[in-house]
Amino acid sequence: MRDLGVNILFEGLNMQRLLEGLWITTRIALISISFSIVFGIITGLFMLSNNKIVRLFSRFYLEMMRIVPILVWLFIFYFGVTKIVPVHLSSELVCVIVFVMWGSAEMGDIVRGAISSLPIHQKESGIAIGLTELQIYTYIIIPQAIRRLIPGAINLATRMIKTTSLAVFIGVIEVLKVGQQIIEYSLLTYPTAPLWIYGFIFSLYFMICYPISVLARKLEMKWQH
Amino acid sequence: MVHNTQEALLEVKKLHKDYDGLTVLSDVSLSVKKGEVIVILGPSGCGKSTLLRCINGLEAIQSGKILLNKVDISGSDTQWHLIRQKIGMVFQSYDLFPHMTIIDNILLGPLKVQKRNKQEAREHAEKLLHRVGLIDKINAYPRQLSGGQKQRVAIVRALCMNPEVMLFDEVTAALDPEVVHEVLKVMLELANEGMTMVIVTHEMDFAKAVADKIVFMDQGEIKEIASPVDFFQEPSTERGKQFINMFNYNHLNKERE
């Protein structure tokens, strides 16, 4: 009986290493997403500022993150900046830094869109019953804005999870790299290795991203108005 | 209706407002006594909504004064969020907060701004909802209500703050004709109970029924102030006459066999 190709997944430490790689991917994504949400809200408020210069700078920041490929940012930081800065930055840390920069910019735009899509009369109704600016934001604007930005935010989160695979290029041994390594030394024994390994990694990404999408849809339905 | 003839509750003195270089309000002066109902009429763009918004501090003024209970509230150091508790405003677009239930909409002001006792505020809200016939909607969301119902809730929301004067900015303009009546009924009852009201409306019959004084505006100026009977029978200005005639189609009959 021929060796079933799928056995490669259970060979030796393969499964363990794949899951460790997955954990690194997840860790980078989680940390980046968390910080991006926080900084994204701040960036979004800057984008809505009354000050023209503040708005201009935040707009420029967003465009830089969108125009320059993330991979190039990773290279600039890992191979370029780390040479100037005296502190040693691990490749995982560089990855998180670049991702947070990117995520904050995108999240900022999502926040700006959500807040400015609210009818202006909502704010005026709050003003008319005597609420202070802070109270209007707390009770009226932010609760409604959160509902509106969930779809975009979830989409950004899944994009960030997928983009972690770029970390391979600056030396992070995340799940995709682990998969490549396993394939490299197993190819002779398991000719169908790529199919099973990449297939498995495919399902891992799916298992992480799909529940998030479902959660987002559920929230959207619940808040339908 | 007993009016205190000396004290004016709300006074507007020589208000002047520009917007983008255009004069929107010019030398506008108005005096509202406690318990009076003023209806402001005028063609589109005459500045009546803007005047209301200036009184509530939603628009800045270039010169002039606004006095509430003899206190100047138009200075630059005015704490508007305190003043606005005394001035209730209802808008054409009602704008209830869609993510909150009706009762939460109504209680947001009393609880967060006026810091009232929860029990007392809730009882007050329920009493008002009973009066407008919407107590069964107390836990509903705005999307479940019709336009007329939402507008009545908006009025309750403003009333629950115990304002001294209520401003109404074309509150029935966006409603279907059948439901306009239910909202105007509420306003009429409010007037009969002695609430001081400044109303901007296009409903002429309602204006005739509820107003103590008609203020006719055109192009940012007050042209006439008269009793409803006087104004609707015989306006003293030419512009006033033209305005009244706009609602009269007798001379424009379609030709029929």
Side-chain angles (χ1 to χ4, degrees), chain A residues 37 40-41 44-45 48-52 55 107 110-155 214-225, chain B residues 49 52-53 55-59 79-101 104-116 140-145 150-151 153-163 165-169 171 174:
Chain A
I37 291 178
I41 293 175
L45 294 175
L48 291 165
S49 163
N50 290 326
N51 187 320
K52 259 205 183 112
R55 278 206 313 267
M107 189 68 194
I110 292 172
V111 166
R112 183 199 55 80
I115 291 183
S116 43
S117 71
L118 289 177
I120 188 161
H121 297 134
Q122 284 289 303
K123 195 168 177 203
E124 285 195 344
S125 283
I127 293 176
I129 54 175
L131 294 172
T132 60
E133 182 102 13
L134 181 63
Q135 286 172 323
I136 293 174
Y137 266 93
T138 312
Y139 298 115
I140 299 171
I141 296 191
I142 290 179
Q144 291 187 69
I146 288 180
R147 284 156 171 79
R148 282 169 195 234
L149 57 78
I150 291 288
I154 297 293
N155 177 272
V214 170
L215 174 67
R217 239 202 332 273
K218 280 220 169 90
L219 285 175
E220 261 188 277
M221 299 262 239
K222 180 170 160 239
W223 287 335
Q224 199 77 37
H225 49 251
Chain B
S49 282
L52 237 51
R53 291 167 63 87
I55 295 175
N56 202 19
L58 287 173
E59 304 272 358
Q79 298 214 285
W80 272 107
H81 63 279
L82 294 175
I83 303 293
R84 287 193 186 105
Q85 294 177 41
K86 306 196 190 149
I87 305 179
M89 186 152 181
V90 187
F91 301 88
Q92 179 176 325
S93 52
Y94 27 90
D95 272 297
L96 302 181
F97 309 127
H99 59 297
M100 300 166 100
T101 57
D104 287 334
N105 255 279
I106 297 171
L107 291 179
L108 185 61
L111 293 180
K112 300 293 176 199
V113 179
Q114 295 177 323
K115 312 260 196 272
R116 278 152 62 178
Y141 280 91
R143 69 177 180 279
Q144 299 167 297
L145 267 57
K150 280 191 271 211
Q151 199 60 296
V153 171
I155 295 177
V156 166
R157 182 174 65 178
L159 281 177
C160 209
M161 300 287 286
N162 287 322
V165 56
M166 287 276 282
L167 309 175
F168 293 86
D169 189 2
V171 301

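Chain identifiers are assigned alphabetically (A, B, ...) following the order of the sequence lines, protein sequences preceding nucleic acid strands; residue numbering begins at 1 within each chain.
The contact between B:Leu96 and chain A is made entirely by backbone atoms, counting heavy-atom distances below 4.5 Å. Contact annotation for B:Ile87: only backbone heavy atoms (N, CA, C, O) come within less than 4.5 Å of a heavy atom of chain A.
Note that the CD atom of A:Glu124 and the OG atom of B:Ser93 stand 8.0 Å from one another [nearest 0.5 Å]. Here the straight-line distance linking atom NE2 of B:His99 with atom CD of A:Gln122 works out to 7.5 Å at 0.5 Å rounding.
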Could you give me the CA-CA distance, side-chain angles and deciding distance for A:Ile127 and B:Arg84, then say whether side chain to side chain contact (heavy atoms under 4.5 Å, CB included) is met? CA-CA 8 Å; A:Ile127 293 176; B:Arg84 287 193 186 105; 3.1 Å; yes
Where do A:His121 and B:Phe91 land on the side chain to side chain contact (heavy atoms under 4.5 Å, CB included) test, with the steps shown first? CA-CA 9 Å; A:His121 297 134; B:Phe91 301 88; 5.7 Å; no
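The nearest pair of heavy atoms linking A:Gly130 to B:His81 is O-CB, 3.3 Å. In this structure, B:Arg157 and A:Ile129 approach most closely via the heavy-atom pair CG-CG2, 4.3 Å. Contact detail for A:Ser125 and B:Phe97: the closest heavy-atom pair is CB-CE2, 3.8 Å.
Scanning residues 131-141 of chain A against chain B with a 4.5 Å non-hydrogen threshold yields A:Leu131, A:Thr132, A:Gln135, A:Tyr139, A:Ile140, sorted by number.
Contact tally against chain A (heavy-atom pairs below 4.5 Å) for B:Met89, B:Gln85, B:Lys112: the top residue is B:Lys112.
Remark: B:Asn162 pairs with B:Arg116, B:His124 by the side-chain contact (heavy atoms from CB on, under 4.5 Å) rule, at least two apart or across chains.
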